[in-house]
Amino acid sequence: MTLGIVILTGAGISAESGLSTFRGAEGMWEGHRVAEVATPEGFAANPPVVQRFYNGLRRRLADVEPSVAHSALARLEHELGPHNVHLVTQNVDDLHQRAGSTAITAMHGELRQIRHTATGEVRSWTQDVPETDTTWRPNVVWFGERTIGLAEITEKLSSAGMFVAIGTSGTVYPANQFAAIAKAAGAITVEINIEPTDAPFDRRIVGSAVQCVPPFVERLVQCYRRVRRH
Ligand code: BV8
């Protein structure tokens, strides 16, 4: 029997590392229209705009570090074991990976990967992609594209004991369905967010990820250690 803790993170957990969130002016994103830079149609219409957008985001990764919130989630996996804790992230940055989390599903892909548009081959990639290149695209899931690992995520949610959403507005499908799936399976659902959303979580912790995630993880670890002693 596992504890079945499933954690979902969104852009809010990377905000204190210096990466911007998405809910700026509706539909705008880093000065671009979402449809222009985060859809297959946008890429087909103007590959250089999209390659330049993602080259900029990829370059920015070199300027940011994981926060204590990312490190706390890596500690949770380390203390309880990857069989008890699974991290699903909507983020395409590499901060969870650099913090040491390994039981991760990056459901919207990863900035530090590119994908061959014909064969689907995925490569690790940290450089700029030539702006006129249409053979290699960022390995991120654009709007209208299938997310990564959804069957595995849904399976974990269906046997979860606890679901924790951290720093996500719950506006993007299918990630915004996960709390309901976990709740239907009998999980305790917890939201950690600087601004509570209106989704029906059992518990809400209002505050920033850096303020709230480390003490939350500490409580889980202490509880786990007490249970293990008996
Ligand atoms: C799919 C990769 C089907 C790119 C991203 C109409 C209604 C409902 C749904 C739809 C619809 N029309 C279309 C859809 C589906 C669509 C969708 O949901 N659209 C939305 C906009 C309505 N979804 C899709 O298209 C998905 N695919 O459905 O496929 C299918 C099935 C089979 C076969 C083919 C197709 C794909 C969605 C993935 C899109 N790609 N990213 C890239 O990143 O470059 S999504 C992108 O935006 C991010 O990855 C992220 O997921 C999302 C932003 O969400 P959040 O992470 O929550 O960030 P946000 O800024 O919104 O919120 C930040 C939160 O943090 C806030 O709550 C804030 O309070 C909090 N916060 C801020 N600071 C802090 C903090 N919290 C704590 N501490 C802090 N310091």
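Ligands are counted one by one from 1 in listed order, and the atoms in each one are counted from 1 as well.
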Using a strict 4.0 Å cut-off to heavy atoms of [X], name the atoms of ligand 1 that fall inside it.
X	answer
Glu145	1 (C), 26 (C), 27 (N), 29 (O), 35 (C), 36 (C)
Val172	18 (O), 37 (C), 47 (O), 52 (C)
Thr21	60 (O)
Glu16	78 (N), 79 (C), 80 (N)
Ala15	73 (N)
Thr168	55 (P), 57 (O), 64 (C), 65 (O), 67 (O)
Tyr54	4 (C), 42 (C), 44 (O)
Thr171	20 (C), 22 (C), 61 (O)

Which part of Ala38 is near ligand 1, with near meaning a heavy atom under 4.0 Å away: side chain, backbone, both or neither? neither
Using a 4.0 Å heavy-atom threshold (strictly under), name the region of Gln90 that reaches ligand 1: side chain, backbone, both or neither. both
Arg137/Glu131 ion pair, N-O < 4.0 Å: no
Taking the side chain as every heavy atom from C-beta outward, state whether Phe201 and Asn193 have any atom pair closer than 4.5 Å. no
Between [X] and [Y], does any side-chain donor sit less than 3.5 Å from a side-chain acceptor?
X	Y	answer
Thr9	Thr89	yes
His116	Thr135	no
Glu65	Ser17	no
Arg52	Asn55	no

Could you work out, for atom 2 (C) of ligand 1, the closest of Ile205, Val141, Val210 by heavy-atom distance? Val141
Test your reading of the model: is there a side-chain donor-acceptor pair from Thr189 to the backbone of Asp202, 3.5 Å cut-off? yes
Looking at Ser101, is its backbone amide N or carbonyl O close enough to the side chain of Arg98 to form a donor-acceptor pair, meaning the two atoms are under 3.5 Å apart? no
Please report whether ligand 1 has a polar contact with [X], defined as an N or O pair separated by less than 3.5 Å (distance criterion only).
X	answer
Trp142	no
Gly144	yes
Ala11	yes
Ser208	no
Gly167	yes
Val92	no
Asn91	no
Phe143	no
Thr197	no

Measure across [X] and [Y] and return the closest heavy-atom pair with its distance rounded to 0.1 Å.
X	Y	value
Ser71	Ala99	N-CB, 3.9 Å
Phe43	Thr117	CE2-CG2, 4.2 Å
His108	Gln90	ND1-O, 3.2 Å

Could you check whether Arg115 makes a cation-pi contact with Trp125, meaning its NZ or CZ is under 6.0 Å from the centre of the six-membered ring and within 45° of the ring axis? no
